[in-house]
Amino acid sequence: MGFDIGIDLGTTNSLCAVFRDGQPELIPNVHGSVLTPSVVGVLDDGSMLVGLPAKELRVTHPAQCAWCFKRWMGTNRKIRLGGRDYSAPELSSLILKSLKDDAEAFLKEAVTEAVITVPAYFNDHQRKATKLAAELAGLKVRRIINEPTAAALTYGFHEREAVKKLMVIDLGGGTFDVTLMEIFEGGLEIISTAGESHLGGEDFTNRLVATVLKQLGKEYETAELKTPLLVARLHEECERAKRQLLDAPQSRIRIPNDDGEINEKAVSVLVTREAFAKASKALVDRLKGPIGKVLRDGQVDPTEIDDLILVGGATRMPVVVDFVREFLSAEPLAKFNPDEVVALGAAVQAALISDNAAVSDMVMTDVCPFTLGVELAKEFGNYLEPGYFAPIIHRNTTIPVSKEQIFSTVATNQLEVTINVYQGEARKVKDNLKLGELSVKGIPPGPAGQPFLVRFTYDINGLLEVEACIPETGRKFQTVLTNHAADLTPKEIAAALEKMRKLKFYPRDDVKNKQLVLFCDRVVGEISPHLRESLEGAIDAFERAMSSGDREMFEVARSGLLIVLSSLGIEYESPEAEADQDDNELS
Ligand code: AMP
């Protein structure tokens, strides 16, 4: 039997964990870090880079990179990269494949299955797109679980005896979820969940970028079109400044030139915590809605919450912590690392599925995060008005759930009905999300009012199945929910698999060195011209040594390059060094 693997496929970073020796454990990537940036890049020779080196490439060559594509899961949007179009599941599959390779190298065994987490608020399209991404990466999805539920599983794993009400606030790179749950001696019951699928840390960085550009008299969109290198580099600077504001009251943002370079002449602007809080106020305000909704749905008063868990890197921001503290009058629990808690919980879920003895006393129930239903025509006097939403499964119903409802034809001798399936909370379908349609044919002729049954089944993966039945004939119809980005035919899946298989990847064994070269390439443009030559010489020597295959020459060239960097006062923080540092902090 294979290992119990859990994957947190994040907007900005992805992580992989394994459950072994009675507990969940994070798996380091080829760079020695447990965080793999969800970035894909393509080099001039067409070879693909995934993770850290791609993130480095993004700073200098944004046009050769794709990131934040989790935001496009479940849509038909294509992302252009290296002269080819990719869908979000295709790009996500490259991240998953990279995590799979890292896990196999770490565990020394093939990894073919995994539990994958998604934001609780991910809809049916987005969940199916995630399944497709896994399939393209050669992974079978054992289960899709909600990120806050995974976080709660980590909590529940460590607090078996607890009897508590918890709230998990999950603000990642691109999505926001809030979930209320109850823990009862190993039992974990989700009470209610709500969120926004387009709100996360990236928006805070973008807001800072926009604010700085405005100070320079530029508009974000125009600047991105006209000077993409400047915007990409400024984004990097703003991201760094945003993180610095965690410990410092203010941070300096250096302004790159139009080529995206920051040299000694670069001017800088100062951003204070207060200014950042002001710039992000509108974003912070958007957290209120979903938090209020879960409390109302769960009929829970904030004073009843025993523990508050913050998940996702963006909850580190003081503006978010301060807001949550004030809004809920509660102190967030600091004992879990917000980046890691979801992947660890996914591994616990994998262990639960395989009946691992170490979790035999744990049980978990989840809910459907949104209302699911069909379009209905309402009768007003003697006319019918279509466009109304008839819920079949209400939000926050415990899953798995199967519910049916009887509907009827609206016209004489109506032999056919198209059932339009929607997700959402609005009264009219135009304000909800259409998931697809199901065609029901062969209704016996007769006056209006011929009945037909519609059954919705929402499974533990959060995927919906729709079935209709004509009672008089017993004829059944099953979902083929069309309009789905991820509902590909077997032929289309085979073609996508072939496309992914043909991609050429930068050699895994060399990827750490490529990371160093990309870092140096960026630095070259930033140091003063008279120092440039010595650095360029060291990079050239290192590149030659990389391709020579001579181990000794390579080691000498690598240390030579690191010495030159250090003599220029430039710190190259290799991810391994960072990982070691994290270990030290923990111990
Ligand atoms: P995730 O998708 O959970 O990996 O979330 C990553 C998001 O967290 C990104 O938008 C980061 O900018 C943000 N983030 C990570 N660390 C910090 C930090 N120390 N301060 C502010 N934001 C952070």
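Read the numbers this way: they start at 1 and go in the same order the structure lists the ligands and their atoms.
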Using a strict cut-off of 4.0 Å, indicate which atoms of ligand 1 neighbour a heavy atom of [X].
X	value
Glu239	11 (C), 12 (O)
Thr12	1 (P), 2 (O), 4 (O), 5 (O), 6 (C), 7 (C), 9 (C)
Gly313	3 (O), 5 (O), 8 (O), 13 (C), 14 (N), 15 (C), 16 (N), 17 (C), 22 (N), 23 (C)
Leu246	19 (N)
Asn13	4 (O)
Gly312	3 (O)
Glu202	10 (O)

Short N/O distance, under 3.5 Å, between [X] and ligand 1?
X	result
Thr205	no
Gly173	yes
Asp339	no
Ala314	yes

Heavy atom of the protein closest to atom 22 (N) of ligand 1 (residue, atom name, distance):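 For atom 22 (N) of ligand 1, the nearest protein heavy atom is Lys242 CE, 3.5 Å.
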Sidechain N-carboxylate O distance under 4.0 Å for Lys131, Glu135: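 No, no charged N to carboxylate O under 4.0 Å.
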Glu237 side chain vs Ile253 backbone, donor-acceptor pair below 3.5 Å: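 Not a single qualifying donor-acceptor pair exists.
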Backbone N/O of Thr179 and side chain of Ser192: donor-acceptor pair under 3.5 Å: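 Side chain of Ser192 to backbone of Thr179: no pair is present.
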Tyr458 to Pro369 - nearest heavy-atom pair and separation: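 What the structure gives for the nearest pair is OH-CD, 3.5 Å.
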Smallest separation among heavy atoms of Gly462 and Asp124, with atom names: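 Minimum heavy-atom separation between Gly462 and Asp124: O-OD1, 3.8 Å.
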Ignoring hydrogens and angles, state whether a donor on the side chain of [X] or [Y] is under 3.5 Å from an acceptor on the partner side chain.
X	Y	result
His235	Glu202	yes
Thr36	Ser14	no
Asp339	Asn13	no

Sub-6.0 Å ring centroid separation between Phe157 and Phe19: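 Yes, they do, as the ring centres are separated by less than 6.0 Å.
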Minimum non-hydrogen distance to atom 21 (C) of ligand 1, winning option of Met317, Glu340, Glu147: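 It is Met317 that holds the nearest heavy atom.
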Ligand 1-proximal atoms of Arg243, by part, heavy-atom distance under 4.0 Å: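 The part of Arg243 near ligand 1 is both the backbone and the side chain.
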